[in-house]
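Input: a single structure, listed below in structure tokens.
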2 protein chains.
Amino acid sequence: MNNCSQHNLTGMMTKFTSACRKADLKVTHQRLEIYRELAQAEDHPAAEMLYKRISKRLPTISLDTVYRTLATFEKHGLISRVPTLESQARFEAKMARHHHVVCSKCGSISDFIWSGFDETHLPAQVADWGKVTRKNIVLVGICAACAR
Amino acid sequence: MNNCSQHNLTGMMTKFTSACRKADLKVTHQRLEIYRELAQAEDHPAAEMLYKRISKRLPTISLDTVYRTLATFEKHGLISRVPTLESQARFEAKMARHHHVVCSKCGSISDFIWSGFDETHLPAQVADWGKVTRKNIVLVGICAACAR
DNA sequence: CATGCTAAAGATAATTATTATCATATCAAG
DNA sequence: CTTGATATGATAATAATTATCTTTAGCATG
């Protein structure tokens, strides 16, 4: 399981650029780097973590830019925020349908797919609540590494 | 749907007290009030919110105590933390199996039950990951109130 | 290819959320 | 009641995120 290696990076970058254009977002050096870093990452990094990684290549970038850019991307549906139990927000660029397992010991997050679930329709009572736009499963447990 | 009124409060309080004793937790005035407030709440309040509510009755309580107490309760399985997309932790005392819908507009969280899902077994690939202890569904959407 | 409008970046600082430290107060066992 | 351990409150520190304001840089246009 664990975060099957993402399609191809260049493909994602091209799509990203055109999505930015369509959304009237300027394609800046920083945005490209932030998106690239997130698209490559397989660990659903927090803003701080992305900042550290990007800083190596782009030492002048500010943490603030990372936060703002992630918020912008999210608003435009280019990336998404992973539901967690911690108080630190975590992100991913992978937009294909999938779900998450989080290790309550080390905090690592992994992906898994479950099309059976995706296709099932929700219980009737949910319809009364409103309009559902996303269905996430969040499993919590102890990963194999932490178990020993 | 929306948070069916919790069993009976006195029953929950009695259970709570004995659970504390069993876990070697002192049954203090503050702990009782924090638990009571959370058990009554139907909105999955954050620590800050609980603090405000409790302060009315117990003006000397400190925010810090609320945080520490919630952490203690959670560690002992007396309450649980709700997975959200925000950076503020939210809690609930209801331990019966249920799932959550969150409104991406107003941030409100509601419960729903789905025993069909609870009974389904997870896809095989998850077993390789480790041992799952909790299965949460987090639906995101726009609640009826926000829709108009 | 130069220019100007506008959105984005960086610096700085403010907020918000949460956690640590330590002296004092309180629970519950004897 | 007294005692010993644990929890609380006060205070302050840290972590996470967001706001403000000036400067910089996309990019559409001439």
Side-chain angles (χ1 to χ4, degrees), chain A residues 13 16-38 44-55 57-76 78-79 81-91 107, chain B residues 13 16-38 44-55 57-76 78-79 81-91 107:
Chain A
M13 294 311 297
F16 168 74
T17 312
S18 64
C20 281
R21 295 251 151 74
K22 218 177 294 175
D24 265 312
L25 292 179
K26 290 188 177 168
V27 181
T28 67
H29 190 35
Q30 294 68 348
R31 284 182 173 167
L32 283 167
E33 290 308 313
I34 291 169
Y35 186 81
R36 187 197 317 281
E37 193 64 50
L38 187 59
H44 314 80
E48 187 85 37
M49 178 55 79
L50 272 175
Y51 169 67
K52 273 189 205 154
R53 293 179 189 168
I54 298 166
S55 293
R57 276 177 290 127
L58 202 64
T60 62
I61 201 169
S62 75
L63 173 58
D64 190 70
T65 296
V66 177
Y67 271 105
R68 273 182 302 194
T69 303
L70 289 171
T72 306
F73 288 173
E74 192 198 8
K75 190 168 64 188
H76 291 275
L78 301 172
I79 66 170
R81 196 176 285 252
V82 180
T84 62
L85 295 168
E86 305 159 56
S87 67
Q88 206 183 28
R90 301 189 51 176
F91 300 87
Chain B
M13 294 310 298
F16 168 74
T17 314
S18 65
C20 281
R21 294 251 152 74
K22 218 177 295 174
D24 265 312
L25 293 179
K26 290 189 178 168
V27 180
T28 67
H29 190 35
Q30 293 71 345
R31 283 181 174 169
L32 283 167
E33 288 309 313
I34 292 169
Y35 186 82
R36 187 197 316 283
E37 193 64 50
L38 187 59
H44 313 81
E48 187 85 37
M49 178 55 78
L50 272 175
Y51 169 67
K52 274 189 203 155
R53 293 178 189 168
I54 297 166
S55 293
R57 278 178 288 127
L58 200 63
T60 62
I61 201 170
S62 75
L63 174 58
D64 191 68
T65 296
V66 176
Y67 271 105
R68 273 182 301 193
T69 304
L70 290 171
T72 306
F73 288 174
E74 193 199 8
K75 191 168 63 188
H76 291 274
L78 301 172
I79 66 170
R81 196 175 284 252
V82 180
T84 63
L85 294 168
E86 306 158 55
S87 66
Q88 207 182 27
R90 300 187 52 174
F91 300 87

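Letters go in sequence order (proteins before strands), and every chain restarts at 1.
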Self-check item: Side chains of Cys20(B) and Arg31(B) in contact at under 4.5 Å (non-hydrogen atoms)
Solution: no

Practice problem: Please tell me which of the listed nucleotides, dT18(D), dT19(C), dC27(D), lies nearest to the side chain of Tyr67(B)? | Solution: dT19(C)

Quiz item: Given dG10(C), is OP1 or OP2 found less than 4.0 Å from the side-chain N or O atoms of Thr65(A)?
Solution: yes

Quiz item: Side chains of Gln30(A) and Thr69(A): does their closest heavy-atom pair fall under 4.5 Å?
Solution: no

Quiz item: How many Å lie between CZ on Arg21(A) and P on dA7(C), as a whole number?
Solution: 16 Å

Self-check item: Atom-pair distance (NZ on Lys75(B); C1' on dT19(C)), nearest Å
Solution: 13 Å

Exercise. Indicate, with a heavy-atom threshold strictly under 4.0 Å, whether Thr69(B) touches base, sugar-phosphate, or nothing.
Key: sugar-phosphate

Quiz item: Just checking Ala46(A): base, sugar-phosphate only, or nothing, at a heavy-atom cut-off of under 4.0 Å?
Solution: nothing

Quiz item: Under 3.5 Å, is there an N or O donor on one side and an acceptor on the other linking the side chain of Lys26(B) and the base of dT26(C)?
Solution: no

Quiz item: According to the interplanar angle, ranging from 0 to 90°, do the rings of Phe16(B) and Phe73(B) count as parallel (below 30°), tilted (30 to 60°) or perpendicular (above 60°)?
Solution: perpendicular

Quiz prompt | d(CZ, Arg31(A); C1', dT24(D)) in whole Å | solution = 14 Å

Quiz prompt | Residue mapping more 5' on DNA chain C - nearest nucleotide basis, Gln30(B) or Leu63(B) | solution = Leu63(B)

Quiz item: Is there a side-chain contact between Ile79(A) and Tyr35(A), using heavy atoms and a 4.5 Å cut-off?
Solution: yes

Quiz item: Is a donor-acceptor contact shorter than 3.5 angstrom present between the side chain of Arg68(A) and the base of dG10(C)?
Solution: yes

Practice problem: Please report, rounded to the nearest Å, how far the C1' atom of dA17(C) is from the CZ atom of Arg81(B). | Solution: 11 Å

Quiz item: With a non-hydrogen cut-off below 4.0 angstrom, is Ser62(B) in contact with a base, only sugar-phosphate, or nothing?
Solution: base

Quiz item: Over how many whole Å does the gap from Gln88(B) atom CD to dT17(D) atom P extend?
Solution: 12 Å

Quiz item: So do Glu74(A) and Leu70(A) actually touch side chain to side chain, heavy atoms under 4.5 Å?
Solution: no

Practice problem: Whole angstrom is fine here: how far is it from NZ in Lys52(B) over to C1' in dA17(C)? | Solution: 13 Å

Quiz prompt | Atom-pair distance (CG on Leu70(A); C1' on dT18(D)), nearest Å | solution = 13 Å

Quiz item: Contact class for Thr60(B) (heavy atom, under 4.0 Å): base, sugar-phosphate, or nothing?
Solution: sugar-phosphate

Quiz item: Taking for each residue the nucleotide of DNA chain C bearing the nearest heavy atom, is the 5' side occupied by His29(B) or by His29(A)?
Solution: His29(A)

Exercise. For Ala71(A), answer base if it contacts any base atom (sugar-phosphate contacts may also be present), sugar-phosphate if it contacts only those atoms, and nothing otherwise; contact means non-hydrogen atoms under 4.0 Å.
Key: nothing

Quiz item: Is the base of dA19(D) touched by the side chain of Asp64(A) through a donor-acceptor pair closer than 3.5 angstrom?
Solution: yes

Quiz item: Between atom CZ in Phe73(B) and atom C1' in dT8(D), what is the gap in whole Å?
Solution: 13 Å

